[in-house]
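Since this is a predicted model, take the numbers as computed values, not measurements. Computation of the quantities below employed the complete heavy-atom set of this structure, encompassing side-chain atoms and omitting hydrogens, waters and symmetry-equivalent molecules.
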Amino acid sequence: KGPIPQEVKKYANDWPTANQNFSNTRTAVNSKIDSSNVSTLGVGWSFPIKGVSEWGAAATNPLILGNNVYFQDLKSNVYAVDFTTGKQLWMKEYSMDIAGPSGVSIANGKIFAIKGHFEVAALDMKGNELWSTNLSNNQNIGIDIQTTAYGNMVFVSTVPGVSNANFYKGGSIGTI
């Protein structure tokens with residue numbers, strides 16, 4: 001087993017983490033796209049993002065594992081989309097604002113996502129919530145980072161703020 005999630009190992013040539021890999025290289029492995037042909041690309045498909053918050057609609061990279069794309073909008077909604085067709089496979093609807101950047105991570109058959117300003121949730125691979133936990137009891141301290149799953153743990157941090165109106169108020173701190 002080891003600390004690296006099985007999904008990250010299996011789909012290492014796709015985009016299984018926020019920045020492609022745990023080294024954050026943001027390099028498309030084995031891609032035929034480069035600076036000489038990028039201008040010739042067209043739109044393969046597009047997908048309407050339902051959840052728009054005060055910060056926009058999406059704030060992080062989607063994850064690609066095989067033929068599935070997983071991402072989160074800025075209303076905490078989590079999506080699975082077919083990579084080839086762009087058709088929605090499922091959506092877990094929360095409709096709760098998040099500051100972003102937010103987004104999912106995947107490990108051991110679970111999808112981890114931010115739920116509102118204060119919670120982290122685990123979903124099964126069909127979008128059913130397995131659990132959620134609150135990380136802040138202070139209305140001025142919220143979550144604004146994409147989760148990272150590694151070594152049977154989910155890493156996430158809080159920041160001293162949850163919206164444009166109350167960032168960096170006194171007595172607020174960020175924690176991992």
Side-chain angles (χ1 to χ4, degrees), residues 7 14-20 24 26 28 33 38 41-107 110-149 154-169 172 174-176:
E7 293 86 352
D14 295 339
W15 203 274
T17 68
N19 291 310
Q20 203 286 321
N24 294 316
R26 296 184 181 184
I33 301 168
V38 70
L41 298 177
V43 175
W45 52 264
S46 65
F47 184 84
I49 298 174
K50 179 179 180 176
V52 179
S53 76
E54 65 182 315
W55 304 94
T60 58
N61 294 321
L63 303 186
I64 302 169
L65 283 75
N67 198 44
N68 294 329
V69 178
Y70 301 94
F71 69 95
Q72 183 173 38
D73 67 26
L74 288 177
K75 284 284 193 182
S76 304
N77 304 315
V78 179
Y79 302 82
V81 176
D82 183 278
F83 180 82
T84 305
T85 66
K87 291 188 179 184
Q88 180 176 305
L89 302 172
W90 55 259
M91 178 182 83
K92 175 61 177 173
E93 186 171 1
Y94 287 116
S95 294
M96 300 169 70
D97 282 344
I98 40 181
S102 60
V104 298
S105 60
I106 297 176
K110 295 176 185 69
I111 301 166
F112 302 98
I114 305 305
K115 180 180 172 184
H117 292 299
F118 310 107
E119 294 180 72
V120 173
L123 309 175
D124 66 19
M125 296 307 286
K126 295 183 179 184
N128 302 303
E129 186 175 283
L130 301 170
W131 56 259
S132 70
T133 189
N134 188 314
L135 298 183
S136 175
N137 59 3
N138 181 329
Q139 293 298 305
N140 295 320
I141 298 174
I143 302 167
D144 83 335
I145 193 165
Q146 187 163 3
T147 62
T148 297
V154 179
F155 294 90
V156 67
S157 69
T158 62
V159 295
V162 295
S163 71
N164 280 331
N166 69 344
F167 254 83
Y168 305 115
K169 288 193 172 185
S172 299
T175 59
I176 294 177

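Between D73 and I49, the shortest heavy-atom contact is CB-CG2, 3.4 Å. Across all their heavy atoms, V104 and A113 have their closest contact at CG1-CB, 4.0 Å. Taking all atoms of both residues into account, the shortest heavy-atom contact from P16 to D14 is CD-C, 3.6 Å. Pairing each heavy atom of A18 with each of Q146, the nearest pair is CB-OE1, 3.3 Å. Between N68 and F83, the shortest heavy-atom contact is N-CB, 4.3 Å. Of all non-hydrogen atoms in A121 and Y94, the two that sit nearest each other are CB-OH, 3.7 Å.
Exactly one residue among E129, K126, M125 makes a side chain to side chain contact (heavy atoms under 4.5 Å, CB included) with I111. That residue is M125.
Panel note: side chain T60, backbone S102; a donor-acceptor pair is recorded below 3.5 Å. Between the Q72 side chain and the G103 main chain, a donor and an acceptor come within less than 3.5 Å of each other. Between the side chain of S136 and the main chain of I141, a donor-acceptor pair closer than 3.5 Å is present. A donor-acceptor contact shorter than 3.5 Å links the side chain of T147 to the backbone of S105. Of the possible donor and acceptor atoms, none in the side chain of N67 sits under 3.5 Å from a partner among the backbone N and O of D82. Remark: the backbone N or O of R26 is not paired with any side-chain donor or acceptor of N19 at under 3.5 angstrom. No donor-acceptor pair closer than 3.5 Å links the side chain of S132 to the backbone N or O of E119. Proximity of a side-chain donor or acceptor of Q20 to a complementary backbone N or O of W15 within less than 3.5 Å is not detected.
W45 places a side-chain heavy atom less than 4.5 Å from the side chain of V81. The shortest distance between side-chain heavy atoms of V156 and I145 falls below 4.5 Å.
Taking the charged nitrogens against the carboxylate oxygens, K75 and D97 do have a contact shorter than 4.0 Å, which makes a salt bridge.
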